[in-house]
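Okay, structure first, notes after.
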Amino acid sequence: MKYNLTHLKELESEAIFIIREVVAQFDNPALLFSGGKDSIVCYHLAKKAFWPAKIPFPLVHVDTGHNFSETIAFRDSLVEKDGAELIVGSVQDSIDQGKVVEETGFNASRNGLQTVTLLETIEKHKFDACMGGARRDEEKARAKERFFSHRDEFGQWDPKNQRPELWNLFNGMKNFGENFRIFPISNWTEMDVWQYILHENIDLPSLYFSHERDVFIREGVIYSDGEFMPKRPEEKIEKRIVRFRTIGDMTCTGAVESPADDLAKIIEEVAATRTTERGTRSDDKRSEAAMEDRKKEGYF
Amino acid sequence: MSDTTGYLDMELLRFTTAGSVDDGKSTLIGRLLYDSKAIFQDQMEAVEKASKRIGGEGEVNLALLTDGLRSEREQGITIDVAYRYFATPKRKFIIADTPGHIQYTRNMVTGASTANLAIILVDARHGLVEQTARHSFIASLLGIKHVIYCINKMDLVEYSQERYEEIKDQLDDFTSKLEINDIRYIPISALFGDNVVDRSKKMDWYGGSTLLYTLETVHIASDANHVDCRFPVQTVIRPQTTEFHDYRGYAGRVAGGVFKKGDEVIVLPSGFSSKIAKIDSFDGEIEEAFPPMSCTLLLEDDIDVSRGDMIVRVNNQPDVSQDHEMMVCWMSTRPLQLNGKYAVKHTSRSARCIIKEIRYKVDINSLHRLEDDKNIKMNDIARITIRTTVPLFTDRYQRNRNTGSIILIDESTNETVGAGMIL
């Protein structure tokens with residue numbers, strides 16, 4: 001008998017360990033759930049961690065109001081099927097209450113505003129640990145993120161003053177008002193996530209699979225047409241066969257042209273592809289340190 | 001292989017890289033990622049752009065691939081542990097990329113704490129220097145089982161076999177004082193890629209493996225402790241539903257040994273014994289549970305078990321004690337306080353402790369014991385004894401990393417200030 005695990009089993013085991021540790025160390029944890037594949041995988045891992053008991057924390061969705069309808073439908077059916085608790089933080093509410101001002105112009109996005117709504121939701125429900133599906137391979141500022149990422153009372157991340165994280169000993173001690181962001185799948189790559197989804201037969205929103213869609217092209221990025229998507233006169237709607245590699249808010253998520261309509265084909269495509277998945281995300285391209293700046297302010 | 005099934009027998013190797021400031025460590029990692037095609041086109045374009053802006057020497061600066069935070073890019077140094085990922089059809093790799101500066105011992109300790117293997121870079125022009133000694137000592141102290149010395153910049157010593165052998169002899173001599181079982185040497189040029197992924201055409205005299213091949217094939221399956229059964233309980237699972245009315249499962253991750261249904265076990269600290277009724281998981285019952293598997297144990301008897309308890313075999317028990325002797329790496333700008341009180345975390349157990357004695361500080365360059373220097377500052381390594389408020393269930397660190405490691409936490413700032421390895 002060989003006593004070793006495959007890389008996916010080892011990653012799964014690590015993530016389950018982290019999620020259980022969160023429930024043991026914190027009073028009021030939550031899982032940030034965007035409806036994207038990474039948060040869906042986190043949710044699946046959380047189910048495994050506490051089975052046959054129910055997940056002992058709610059899902060929190062920060063809704064920009066500009067989400068794909070497929071994402072929202074998927075979220076609602078998943079919550080209903082499993083009887084999970086869902087809390088929605090609404091960016092529209094933050095705008096209506098005058099807490100944030102919406103960007104204007106053709107490239108306007110509510111992506112940045114999410115941070116304010118997220119921090120408000122955390123405060124309102126007094127969450128002391130928010131788990132999320134961020135991965136270290138996604139973006140260079142995330143390569144130095146901890147599993148247990150400490151945030152001060154303003155929700156800020158201080159990359160130069162992170163707690164050292166040794167062995168499997170996670171330090172979740174904090175002062176009143178502070179909280180943690182926790183990333184159980186830190187060590188997974190895009191490929192690991194897809195292989196795991198295939199291996200575990202996990203349901204995903206249809207957006208990830210190739211389909212025909214009304215789109216327009218802006219600066220080389222394929223955007224979905226939709227009511228929140230103002231178009232310039234020269235930008236024409238056309239039908240293309242596309243899918244999405246990541247799912248964020250409609251205004252900042254680009255599609256890729258792809259014939260991959262099942263998981264096996266997506267994995268082949270991911271293996272052969274030469275751009276990072278966030279290459280379709282205009283929110284990361286605003287400057288070389290765009291992600292670092294947003295994280296410092298409290299973006300997850 | 002088809003890319004959709006090959007992954008089912010891939011293993012995971014975690015390694016750390018250490019080198020002095022100009023040893024070419026970032027270049028080596030950039031080279032591994034680049035030659036194994038883990039670098040994407042858009043990342044490469046960003047690096048090309050940045051190379052031009054910073055004014056590199058014409059060639060694309062592979063080192064820029066690994067510098068994450070803005071201040072690091074500006075200063076051209078790495079200030080924190082960064083994790084990188086790449087995979088070949090045989091293995092998935094996690095690199096803990098740690099900076100080489102003198103003041104960053106704590107980062108190397110952090111990176112090494114989860115690594116199976118360490119790559120230590122040695123500049124072929126300089127041979128064994130102080131930092132090489134320090135990195136080797138830390139690798140040994142942190143219980144890393146496999147160390148690869150990459151003799152780098154061979155291009156700058158005309159790919160000389162004689163120079164390589166000379167450095168290898170120096171290192172052989174030095175490492176005989178350390179506790180590392182598996183030591184290898186590879187002559188490389190990270191800049192030109194010799195012996196990193198592809199075999200060097202300029203060093204015919206070298207008959208060994210390339211670095212990547214070594215990383216793909218080094219035997220790691222027996223690195224974990226499969227002898228001493230240790231199961232720290234993380235949390236108790238009680239569904240309290242009609243279907244699982246009396247279900248009471250102890251969730252945790254196996255820290256040592258192999259557990260099977262029917263095993264006679266004892267629960268620490270209560271000392272109650274029972275038998276394993278079932279090893280459970282979402283995917284069904286598990287025959288044998290071994291490290292680092294997360295699972296849920298069910299016992300035959302209804303006994304009181306909670307977080308921080310440890311389930312072990314009756315005839316193989318850890319040390320149960322409030323007094324612990326350890327090597328500690330200090331990680332805070334506030335020095336270690338003799339008689340000071342700290343919070344501790346050990347497996348799933350939390351406690352407080354008092355520092356009873358500082359025996360000596362280690363000069364990590366010469367490995368000498370400094371018996372008169374009890375001032376333990378950031379990046380120092382010392383031998384200390386502590387007494388904890390409750391007993392901990394420990395093994396020697398060199399026997400089991402999971403049950404031999406401990407962290408000290410400053411109770412006023414909640415920061416992790418010390419990393420302890422139990423002796």
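Only a predicted model underlies this, so the values are computations on that prediction, with no experimental measurement involved. So you know, we letter chains A, B, ... as the sequences are listed, proteins then strands, and number each from 1.
- Looking only at heavy-atom pairs under 4.5 Å with chain A, the residue among Asn414(B), Asn402(B), Leu12(B), Val236(B) that has the most is Asn414(B).
- For Ala343(B), the part sitting under 4.5 Å from any heavy atom of chain A is the side chain, from C-beta outward, and nothing else.
- Both the backbone and the side chain of Met293(B) come within contact range of chain A, each with at least one heavy atom under 4.5 Å from a heavy atom of that chain.
- With a 4.5 angstrom heavy-atom cutoff, Asn168(A) touches chain B only via side-chain atoms.
- Ranked by heavy-atom pairs under 4.5 Å with chain A, the list Ser222(B), Pro239(B), Gly111(B) is led by Pro239(B).
- Between Glu288(B) and Lys260(B) there is a salt bridge, with a side-chain nitrogen of the basic residue lying less than 4.0 Å from a carboxylate oxygen of the acidic one.
- If you measure heavy-atom distances from Asp192(A) to chain B, the contacts under 4.5 Å come from the side chain alone.
- Between Lys48(A) and Asp283(B) there is a salt bridge, with a side-chain nitrogen of the basic residue lying less than 4.0 Å from a carboxylate oxygen of the acidic one.
- Put simply, of Lys9(A), His150(A), Glu200(A), Arg146(A), the one with the most heavy-atom pairs under 4.5 Å next to chain B is Arg146(A).
- Both the backbone and the side chain of Lys345(B) come within less than 4.5 Å of a heavy atom in chain A.
- The part of Tyr247(B) that comes within reach of chain A is its side chain, from C-beta onward, which places non-hydrogen atoms under 4.5 angstrom from that chain.
- Residues that satisfy the side chain to side chain donor-acceptor pair (under 3.5 Å) test with Ser348(B), not counting sequence neighbours, are absent from this structure.
- Looking only at side-chain heavy atoms (C-beta outward), His7(A) and Leu5(A) stay at 4.5 Å or farther from each other.
- For Tyr250(B) and Phe231(B), the gap between ring centers reaches or exceeds 6.0 Å.
- For the set Ala221(B), Pro292(B), Ala255(B), the count of heavy-atom pairs under 4.5 angstrom toward chain A peaks at Pro292(B).
- Only the backbone of Thr347(B) has a heavy atom closer than 4.5 Å to any heavy atom of chain A.
- Salt bridge Glu269(A)/Arg243(A): present, at least one basic N to carboxylate O contact under 4.0 Å.
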Atom pairs and distances, side-chain donor-acceptor, residues 17-24 of chain A, under 3.5 Å, sequence neighbours left out:
{"residue": "Arg20(A)", "atom": "NE", "partner": "Ala49(A)", "partner atom": "O", "Å": "2.9"}
{"residue": "Arg20(A)", "atom": "NH1", "partner": "Gly252(B)", "partner atom": "O", "Å": "3.3"}
{"residue": "Arg20(A)", "atom": "NH1", "partner": "Cys295(B)", "partner atom": "O", "Å": "3.1"}
{"residue": "Arg20(A)", "atom": "NH2", "partner": "Ala49(A)", "partner atom": "O", "Å": "3.2"}
{"residue": "Arg20(A)", "atom": "NH2", "partner": "Thr296(B)", "partner atom": "OG1", "Å": "3.2"}
{"residue": "Glu21(A)", "atom": "OE1", "partner": "Gln234(B)", "partner atom": "NE2", "Å": "2.6"}
{"residue": "Glu21(A)", "atom": "OE1", "partner": "Arg307(B)", "partner atom": "NH1", "Å": "3.4"}
{"residue": "Glu21(A)", "atom": "OE2", "partner": "Gln25(A)", "partner atom": "NE2", "Å": "3.0"}
{"residue": "Glu21(A)", "atom": "OE2", "partner": "Arg307(B)", "partner atom": "NH2", "Å": "2.6"}

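- Taking the ring centroids of Trp188(A) and Tyr85(B), they lie at or beyond the 6.0 Å cut-off.
- Chain A forms the most heavy-atom pairs under 4.5 Å with one residue out of Thr114(B), Leu142(B), Ile407(B), and that residue is Ile407(B).
- Salt-bridge formation is not detected for the pair Glu190(A)/Arg136(A): no Lys NZ or Arg NE/NH1/NH2 atom is positioned less than 4.0 Å from an Asp or Glu carboxylate oxygen.
- No part of Ile220(B) comes within reach of chain A, as not one of its non-hydrogen atoms sits under 4.5 angstrom from that chain.
- Salt bridge Arg91(B)/Glu11(B): present, at least one basic N to carboxylate O contact under 4.0 Å.
- Among the candidates Thr241(B), Asp223(B), Asp280(B), Val417(B), the residue making the largest number of heavy-atom pairs closer than 4.5 Å to chain A is Asp280(B).
- When each of Ala419(B), Pro291(B), Ser405(B) is checked for heavy-atom pairs under 4.5 Å with chain A, Ser405(B) comes out on top.
- Within the 4.5 angstrom heavy-atom criterion, no atom of Ser332(B) approaches chain A.
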